[in-house]
Protein chains: 2
Amino acid sequence: MARTTDAVKILERVTGGDAAMTAGRAEAKVNFDVAQLIYDARAAAGLSQSELAALIGSKQPVIARLEAADYEGHSLTMLQRIASALDLRLELRFIPRNGVRRRKSRLA
Amino acid sequence: MARTTDAVKILERVTGGDAAMTAGRAEAKVNFDVAQLIYDARAAAGLSQSELAALIGSKQPVIARLEAADYEGHSLTMLQRIASALDLRLELRFIPRNGVRRRKSRLA
DNA sequence: CCAACTTATCACAATATTGTTATACCGGCA
DNA sequence: TGCCGGTATAACAATATTGTGATAAGTTGG
């Protein structure tokens, strides 16, 4: 058998055994969030899609695509271009998933 | 003259007139941060580049590229793949830049 | 020294994202 | 109605990112 590149085994070792199923869903949600993130930033700046496009050296249809909730092609470079144009800073973080309770959670 | 797609004028209107210069630098720093973000996450999970690559269905050289501080090709899809594999959640935010003080900042 | 493991780098094919133009749809307004 | 601004969609070219295999260098342990 493969020595260290057996994905299933590694997954179990790292996550406890059920991370594989969460993969697909998370991506869909992030795409949706990103679309809204862009829309909100543009709206807050009071810009039209054409204006924002001009700011980042692009065209209006590109912004329309980015703001479509089902668009899956988001890239970091595009997000950075938008952030820079709007004088914002793009912040990225990996945060623990729910379900990995640390210590006791005092529910009641 | 162009009606609404004059980038310079829009920039001045949105940012106050000096955002164009901050664009390039911010991107370089974000790339560096992302490289470290990936490295930290992988190290925290106790995985080798080969193991992480296997988890996301890729190969070791790809991870090496992503962790190189001067790599500029980071994509959201890749970050999401890594986050999912490590059972983490990718969080994205646009935050105001320093220098855009709102109201009075009570310094002293 | 040798073997195994990890990481780094190169080159090129394969795929994904962006660029660009054209056009359609909608709502507001004269 | 007709015009205008704003947004959405389509199609294809151009560019960027990933996939893949080969290989080198550094490290650790025998």
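By convention in this document, chain letters (A, B, ...) are assigned in the order of the sequence lines, proteins followed by strands, and residues within each chain are numbered from 1. Reckoned from all heavy atoms, side chains included, excluding hydrogens, waters and symmetry mates.
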Practice task
Would you name the heavy atoms of Ala85(B) and Leu55(B) that are closest together and state the gap between them?
Solution key: CB-CB, 3.9 Å
Handout entry: Spacing of His74(B) atom NE2 relative to dT17(D) atom P, expressed in whole Å
Key = 10 Å
Problem - Rounded distance in Å - CD1 (Ile82(A)) to C1' (dT17(C)) - result: 13 Å
Fill in the blank from the handout: Reading nucleotides 19-27 of chain C from 5' to 3' and marking B where a protein heavy atom lies under 4.0 Å of the base, S where only the sugar-phosphate is that close, and - otherwise, the string is BBBB-----
Handout entry: Atom pair distance, as rounded to whole Å: CD1 in Ile63(A) and P in dT17(C)
Key = 16 Å
Practice task
Please state whether the phosphate of dT18(D), meaning OP1 or OP2, lies under 4.0 angstrom from any side-chain nitrogen or oxygen of Ser75(B).
Solution key: yes
Fill in the blank from the handout: To the nearest 10 degrees, the angle between the two end axes of the helix from dC1(C)-dG30(D) to dA30(C)-dT1(D) (five pairs per end) comes to 30°
Exercise for the section: Count the heavy atoms of every other residue, nucleotide or ligand shown that sit under 6.0 Å from OH of Tyr39(A), and state whether that count exceeds 12. Expected result: no
Exercise for the section: Provide, to the nearest angstrom, the distance between the CD1 atom belonging to Ile38(B) and the C1' atom belonging to dT18(D). Expected result: 13 Å
Completion exercise
Taken to the nearest whole Å, CG/Asp70(A) to P/dA8(D) is 11 Å
Handout entry: Salt bridge Glu67(B)-Arg42(B), side-chain N to carboxylate O under 4.0 Å
Key = yes
Problem - Tyr71(B) vs dT18(D): side-chain N/O to OP1/OP2 distance below 4.0 Å - result: yes
